[in-house]
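See below for the structure under consideration.
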Amino acid sequence: MPTQLTRLRDHLTQGKPITRLHSFNELGICELSSRIGELQRTGFAIDKRWITVTNRYGEKCRVVEYRSREHRPQRIKVDLNTPCTATKP
């Protein structure tokens, strides 16, 4: 039977972000921040950011979303003053 740390690590290495509610509902982890800390102490790099979500009452609230640093979305720099030179293969 996989441990909470194993389930969390597997989830994050698949490139999926996770919030506290998702960890409870999908992975059976009640104390996500504790498991994140344990993973970080083993050398697993994790980024966190605050996101805004809507709760079941229609209210906006902020929650922390965690993501593996290796699988975070890459930012692309675009210079809008340079003409596009893309060609079809």
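Atom set for the values below is all heavy atoms of this structure, side chains included, hydrogens, waters and symmetry mates excluded.
- Listed by first and then second residue, the salt bridge (Lys or Arg N to Asp or Glu O under 4.0 Å) pairs that reach into residues 19-28 are Arg20-Glu31, sequence neighbours excluded.
- Interatomic distance, Arg9 CZ to Glu38 CD, rounded to the nearest 0.5 Å: 13.0 Å.
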Working for side-chain contact (heavy atoms from CB on, under 4.5 Å), residues Thr13 and Phe44: CA-CA 10 Å; Thr13 55; Phe44 195 89; 3.6 Å; yes
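- Among residues two or more places apart in sequence or in another chain, the side chain to side chain contact (heavy atoms under 4.5 Å, CB included) test is passed with Arg49 by Ile51, Glu65.
- Residues Phe24 and Leu32 are not in side-chain contact: their nearest non-hydrogen atoms beyond the backbone lie 4.5 Å or more apart.
- Looking at heavy atoms from C-beta onward, Asn25 lies out of side-chain contact with His22 at the 4.5 angstrom threshold.
- Between the CZ atom of Arg67 and the OG1 atom of Thr19 there is a distance of 11.5 Å, given to the nearest 0.5 Å.
- The cluster map of Ile, Leu, Val, Met, Phe, Trp and Tyr, joined by side-chain heavy atoms under 4.5 Å apart, puts Tyr66 and Trp50 in the same cluster.
- The side-chain contact (heavy atoms from CB on, under 4.5 Å) with Ile46 is formed by just one residue from the set Leu12, Ile18, Leu8; it is Leu12.
- His11 approaches Pro17 most closely through the heavy-atom pair NE2-O, 3.0 Å.
- Under the 4.0 Å criterion applied to side-chain N and carboxylate O atoms, Asp47 and Arg69 are assigned as salt-bridge partners.
- A donor-acceptor pair under 3.5 Å links the side-chain atoms of Ser23 to the main chain of Ile29, judged by distance alone.
- Placement of Val64 and Leu39 within a single hydrophobic cluster is found when ILVMFWY residues are connected by side-chain heavy-atom separations under 4.5 Å, directly or transitively.
- Contact detail for Thr52 and Arg62: the closest heavy-atom pair is OG1-CG, 3.9 Å.
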